[in-house]
Amino acid sequence: MKRNQIAIIVAGLIISALLSVISIYLTGIAVILVITLAMSFQIFQDSERLTDLAVVLSENAKVVTVINRGNTPIRNIIVSLVPLDMEFKVPELAVDGTFAYELPQMINEARAIVEFEDINGKQYNKSFHISALYSDDDLLKPMFPTFDWKKE
């Protein structure tokens, strides 16, 4: 946690200790509030450096779009389209950035295998099923992975 967050938690614990002189119930309420605040800070840290990349096929099935849905830049992106035997590279995608790759012909469906790294150099691999007939988006996926939900 950051220094100012730790200072807030320590101040809350000191206030809780001071409240023990007045009432045990006020102390219990203050401790519960401090624990809730500490858990909130931890959840915020999980979503601070999120690397989330998506590959989608356009409606006309001739453009593959790489989208950075995270909140950190992504570097050295290599997209391989299987079984089309195609590969293209994207040097860097900024936050909410997109890159469109024009295909020479329409495709029905393929698998996009993506290798990329974040700004710290950590390597990631993802695989996407792209199709002109249906979308592969998970409608129940949360906006950011709370408690490392399906974080890859």
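Computed over heavy atoms, backbone and side chain alike; hydrogens, waters and symmetry mates excluded.
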Name the atoms and distances for all side-chain donor-acceptor pairs under 3.5 Å in residues 13-24, with sequence neighbours left out.
| unit_1 | atom_1 | unit_2 | atom_2 | d |
| --- | --- | --- | --- | --- |
| Ser16 | OG | Gly12 | O | 2.8 |
| Ser20 | OG | Ala17 | O | 2.5 |
| Ser23 | OG | Tyr25 | N | 3.2 |

Side chain to side chain donor-acceptor pair (under 3.5 Å) against [X], all qualifying residues, sequence neighbours excluded:
X	value
Ser58	Asn60
Arg111	Ser127
Ser80	Glu87
Gln123	Glu117

Stepwise side-chain contact (heavy atoms from CB on, under 4.5 Å) check, Ser40 with Gln42: CA-CA 5 Å; Ser40 298; Gln42 187 64 37; over 6 Å; no
Contact between [X] and [Y] at the side-chain level, heavy atoms closer than 4.5 Å - yes or no?
X	Y	answer
Gln105	Lys62	no
Val79	Ile77	yes
Arg75	Pro91	no
Thr72	Asn120	no
Phe41	Ile9	yes

Might you point out which heavy atoms bring [X] and [Y] nearest each other, and give the distance in Å?
X	Y	result
Ala112	Ile130	CB-CD1, 4.5 Å
Val63	Ala100	CG1-CB, 3.8 Å
Ala110	Leu84	CB-CD1, 4.1 Å

Spacing of Leu103 atom CG and Leu81 atom CG [to the nearest 0.5 Å]: 6.5 Å
At what distance, to the nearest 0.5 angstrom, does NZ of Lys122 lie from CZ of Phe116? 10.0 Å
side-chain contact (heavy atoms from CB on, under 4.5 Å) assessment of Glu92 paired with Asn68: CA-CA 10 Å; Glu92 184 170 345; Asn68 183 0; over 6 Å; no
If we check side chain to side chain contact (heavy atoms under 4.5 Å, CB included) with Val114, which of these qualifies: Ile78, Val55, Ile74, Asn125? Val55
Same cluster (ILVMFWY, side-chain, under 4.5 Å), Leu37 and Phe44: yes
Cluster link Ile113 to Val64, ILVMFWY, side chain under 4.5 Å: no
With side-chain contact (heavy atoms from CB on, under 4.5 Å) as the criterion, how do Leu57 and Thr65 come out once you've worked through the C-alpha distance, each side chain's angles and the decisive distance to 0.1 Å? CA-CA 6 Å; Leu57 187 63; Thr65 306; over 6 Å; no
Leu53/Leu93 under side-chain contact (heavy atoms from CB on, under 4.5 Å): CA gap, chis, key distance, verdict: CA-CA 10 Å; Leu53 190 78; Leu93 268 181; 4.2 Å; yes
Enumerate the ring pair (Phe, Tyr, Trp, His ring centres under 6.0 Å) contacts for residues 52-75, please, sequence neighbours excluded, ordered by first and then second residue. none
